[in-house]
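Heads up, the thing below is written out as structure tokens.
Computation of the quantities below employed the complete heavy-atom set of this structure, encompassing side-chain atoms and omitting hydrogens, waters and symmetry-equivalent molecules.
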Amino acid sequence: QVQLVESGGGLVQAGGSLRLSCAASGRTFTMYTMGWFRQAPGKEREFVAHINWSGGSTLYADSVKGRFTISRDNAKNTVYLQMNSLKLEDTAVYYCAATRRVFERVRANDGSYTYWGQGTQVTVSS
């Protein structure tokens with residue numbers, strides 16, 4: 001089992017940047033595919049990005065491709081989401097998630113993930 005704690009959310013102007021962090025407990029971090037999801041008010045939770053155990057493979061939602069970058073530091077048991085060129089529509093609660101499934105078998109939806117953090121709010125203002 002793994003516990004996830006997100007940080008780094010906040011209020012930022014459109015066009016600005018934020019970096020989210022997700023710290024994982026335990027000594028088996030490299031066994032997990034890690035993902036980021038988000039949920040805006042009144043909307044369903046949606047996939048943002050995910051990354052394989054080594055960081056060598058990533059996948060992004062079309063809505064964030066070219067603006068967001070997911071990465072991980074296995075020595076620190078942490079996964080990051082660098083968000084640049086933020087838009088008003090990026091406003092949401094962002095969740096970190098983990099699954100023991102290998103990256104190639106993980107679908108880009110929340111049903112594929114087992115463990116979730118508590119979420120961190122990102123608000124983009126005009």
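Among all heavy-atom pairs drawn from Val2 and Ser25, the shortest one is CG2-O, 3.3 Å. Closest approach of Arg67 and Ser85 over heavy atoms only: NH1-O, 3.0 Å. The minimum heavy-atom distance linking Gly55 with Arg72 is given by the pair N-CD, 3.9 Å. Taking all atoms of both residues into account, the shortest heavy-atom contact from Val48 to Tyr94 is CG2-CE2, 4.4 Å. Closest approach of Gln118 and Leu4 over heavy atoms only: OE1-O, 3.7 Å.
For the pair Val79 and Ile51, the minimum side-chain heavy-atom distance is below 4.5 Å. Side-chain contact check for Met34 versus Phe103: every heavy-atom pair is 4.5 Å or farther apart. Taking the side chain as every heavy atom from C-beta outward, Glu6 and Ser21 never approach each other to under 4.5 Å. The shortest distance between side-chain heavy atoms of Leu20 and Ser7 does not fall below 4.5 Å. Using a 4.5 Å cut-off on side-chain heavy atoms (C-beta onward), Asn109 and Glu46 make no contact.
We find the CH2-OG1 distance between Trp116 and Thr99 to be 10.0 Å, quoted to the nearest 0.5 Å. Rounding to the nearest 0.5 angstrom, the gap separating the CZ atom in Arg27 from the CG atom in Asn77 is 11.0 Å. Between the OG1 atom in Thr30 and the CG atom in Asn52 there is a gap of 11.0 Å [rounded to 0.5 Å]. Summarising the geometry, atom CD1 belonging to Ile70 is positioned 8.0 Å from atom SG belonging to Cys96; distances are rounded to the nearest 0.5 Å. Of the inter-residue distances, the one linking Asn74 atom CG with Ser54 atom OG reads 8.0 Å to the nearest 0.5 angstrom. To the nearest 0.5 Å, atom OG of residue Ser57 and atom CD of residue Glu104 are 6.0 Å apart.
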Tyr95 and Gln39: CA distance, side-chain angles, deciding distance, side-chain contact (heavy atoms from CB on, under 4.5 Å) verdict: CA-CA 8 Å; Tyr95 296 92; Gln39 187 167 20; 4.2 Å; yes
One pair to check against side-chain contact (heavy atoms from CB on, under 4.5 Å): Val122 and Asp90. What are the steps and the verdict? CA-CA 8 Å; Val122 172; Asp90 294 319; 5.5 Å; no
Could you walk me through whether Val93 and Thr120 pass the side-chain contact (heavy atoms from CB on, under 4.5 Å) test, one step at a time? CA-CA 5 Å; Val93 177; Thr120 185; over 6 Å; no
Decide side-chain hydrogen bond (donor to acceptor under 3.5 Å, both in side chains) for Thr123 and Gln121; before the verdict, give the C-alpha distance in whole Å, the side-chain angles of both, and the deciding distance to 0.1 Å. CA-CA 6 Å; Thr123 303; Gln121 176 71 46; 3.3 Å; yes
Set out, in order, the CA-CA distance, both residues' side-chain angles and the distance that settles side-chain contact (heavy atoms from CB on, under 4.5 Å) for Tyr115 and Gln1, then state yes or no. CA-CA 8 Å; Tyr115 305 103; Gln1 190 169 354; 3.6 Å; yes
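Using cut-offs of 30° and 60° on the angle between ring planes, the pair Tyr113 and His50 is tilted.
Panel note: side chain Thr91, backbone Val124; a donor-acceptor pair is recorded below 3.5 Å. At distances below 3.5 Å, not a single donor-acceptor pair connects side-chain atoms of Thr78 with backbone N or O atoms of Ala23.
Checking Arg19 against Tyr80 by side-chain atom types alone, no donor-acceptor pair falls below 3.5 Å. There is a side-chain donor-acceptor pair under 3.5 Å between Ser17 and Asn84.
The aromatic ring centroids of Trp36 and Phe68 lie 6.0 Å or more from each other. Remark: aromatic rings of Tyr60 and Phe47 are distant, center separation not under 6.0 Å.
No more than 12 heavy atoms of other residues, nucleotides or ligands sit less than 6.0 Å from atom CD of Gln13.
Taken together through direct or relayed side-chain contacts under 4.5 Å among Ile, Leu, Val, Met, Phe, Trp and Tyr, Leu88 and Leu18 form part of one hydrophobic cluster. Phe29 and Met31 fall within the same hydrophobic cluster, defined by Ile, Leu, Val, Met, Phe, Trp and Tyr side-chain heavy atoms under 4.5 Å apart, directly or through other members.
Contact check on Asp62 versus Lys65 returns a salt bridge, with a Lys/Arg side-chain nitrogen under 4.0 Å from an Asp/Glu carboxylate oxygen.
When the side chain to side chain contact (heavy atoms under 4.5 Å, CB included) test is applied to Lys43, the partners found at least two apart in sequence or on another chain are Ala40.
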